[in-house]
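First up is the structure itself, then whatever we jot down about it.
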Amino acid sequence: MQRERWTSRYYFLFAAIGSAIGLGNVWRFPYMTYKYGGGAFLIPWMIGLIVMGIPWMMMEFGMGRYFQRSSPGVFEGIGKKWEWLGWWPVFCAFLIITYYSVVMAWSLRYVVSSATMAWGIGEAGAAGAGSYFFEEILRLSSGPSVLGAPIGPIVGFLALIWVVIYFIVFKGVGVIGKVAVWTVSIPWVLLVILAIRGLTLPGAVEGLNFYLTPNLAALGNAEVWFAAFSQIAFTLSLGMAGMFAYGSFIARKADVTNNAFITSFSNCATSFFAGFAVFSTVGFIMQALSIPVGEVSASGLGLAFVSYPVAISMMPGANAFIGILFFLCLFFLGIDSLFFLAYGGVISPIMDKFGLSRVKATLIVIIISFLLGLVYTTNGGLYWLDIVDRTVCFYGLLLTGALACIVIGWVFGAGKLREHLNETSDIKVGAWFDWLIKVVVPAGLLFVVIYGGFAKDIPASYEGYPRWASSFIWIILAVTLGLSFLLQRVKTRVPQVSEKSEVSEK
Ligand code: PFF
């Protein structure tokens, strides 16, 4: 059977770049840079990109192309006993889409709120943005044990998002590639407009000083290195099964190595640029409200849904317009990561394993994701979103990523992968690649998960949640691992595409 193919190299590149660029480029990267040494943070970040991120991406693309299969098929190809390792990240990807879609739903909700500046203009709006988000939009409960019912408007937007995703993915990568051209270009245009707006506001320069002034002493601090590595792992959307699938749709004769470089650099350039839009605006808030930068919530969802709305309220004009642009930008940034995870991470593995038609597999995944996602639309949803995010986007990503490198590097053979890459790629990689995959990347990932994960979340519960709630991190990891072993025992319905049949297709 002929495997589906990207219809052009550019479509593949846009799809891969779009999957990497997401909300994290706008809120996570600038904040981490500011927190961990300003301009100096860029040094470990670049080192992480070059010694870990790019080889890891070459590995995922290359292995997908080699076996012409998504993640479980790749590990089944290495040896039946490794198939579970291909499924574990599929479960993680599946859990991510259940809540990532909800964040997208909030973004759309805020496009509507921005049209009327529902949280207010001027000082009143600035003062009310926080309570608008937590009390009116999320109607947040007192803790994870108080769930309440799903909130109507969010459920409506969530349903809309899944309908959109259905129409993007049900025809496969032909349409995905074309849509990705738009979902990458539109947020870039919007980011440029937002950066111009930010940089022309009073206080912008001071914000940029916070963002970029290098504190070289920070480089001596292990936490800075761990933060930089974890950001690289997160930002490139690796370790989530999807890139194996995206690689499996690359034709045998096409380039892999150069595409991995282009994808990684484009993603990181976007992060760096987004920092200007964000920190010029943070500088403006500091000046407009006469507060120090530490009091501007610059991290995570707080930045996107509280601090930025504060800034919008204080802007001298066109408030609603800027609000709409910003939240549309978030929506477009996230949507291609969402369909990447849904299609490459979950739907494609299911099709490969069970021989289901694309439409059937898509409908099953979308309906279950929507239903599970309802949990995050309840009053207690934000807490669960945070806990599940920590579980899959931190532990799941790093653990499965490290194990995948070890099995591919030592069992399949990094040298064999390198030969496969070099057969068709513009840039030839040397023997150094083998050691990066076999030792450096897994060691880096394990360093992050041990130092920044286990060492923190085992002695004290994650983020101060009650013990029982933060134990869900371990429960979810154990259950998804168990299910992965279970799936390994199920017979694969669709035979592997052999090298021979691939060649005769040409
Ligand atoms: N790379 C995305 C971002 O930076 O926002 C986040 C992400 C998406 C991580 C998809 C993992 C993933 F599979």
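In listed order, ligands and their atoms are each counted from 1. This chain uses plain numbering: 1 for the first residue, then up along the sequence.
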Take F75 and W84, measure what ring-ring contact (aromatic ring centres under 6.0 Å, His included) needs, and give me the verdict at the end. CA-CA 8 Å; F75 287 91; W84 62 273; 8.4 Å; no

Applying the ring pair (Phe, Tyr, Trp, His ring centres under 6.0 Å) test to F61, which of Y66, Y246, F12, F249 qualifies?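 Of all the options given, the one that passes is F12.
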
With a 4.0 Å cut-off on N to O distance, would you call E463 and R390 a salt bridge?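 Looking at E463 and R390, the cut-off is not met.
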
Heavy-atom closest pair, residues Y211 and S271: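 Nearest pair, atom of Y211 first, then S271: OH-O, 4.0 Å.
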
Could you list, one pair per line, each nitrogen or oxygen of ligand 1 together with any protein nitrogen or oxygen closer than 3.5 Å, giving atom names and the distance rounded to 0.1 Å?
residue	atom	partner	partner atom	Å
ligand 1	1 (N)	A20	O	2.9
ligand 1	1 (N)	F234	O	3.0
ligand 1	1 (N)	T235	O	3.1
ligand 1	1 (N)	S237	OG	3.0
ligand 1	4 (O)	N25	OD1	3.4
ligand 1	5 (O)	L23	N	3.2
ligand 1	5 (O)	G24	N	2.7

For P309, what residues pass the side chain to side chain contact (heavy atoms under 4.5 Å, CB included) criterion, not counting sequence neighbours?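 Checked P309 against side chain to side chain contact (heavy atoms under 4.5 Å, CB included); matches are Y110, W119, A129, F327.
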
Out of the candidates Q68, R3, R69, R65, only one should pair with S248 under the side-chain hydrogen bond (donor to acceptor under 3.5 Å, both in side chains) rule; please name it.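 Result for side-chain hydrogen bond (donor to acceptor under 3.5 Å, both in side chains) with S248: R3.
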
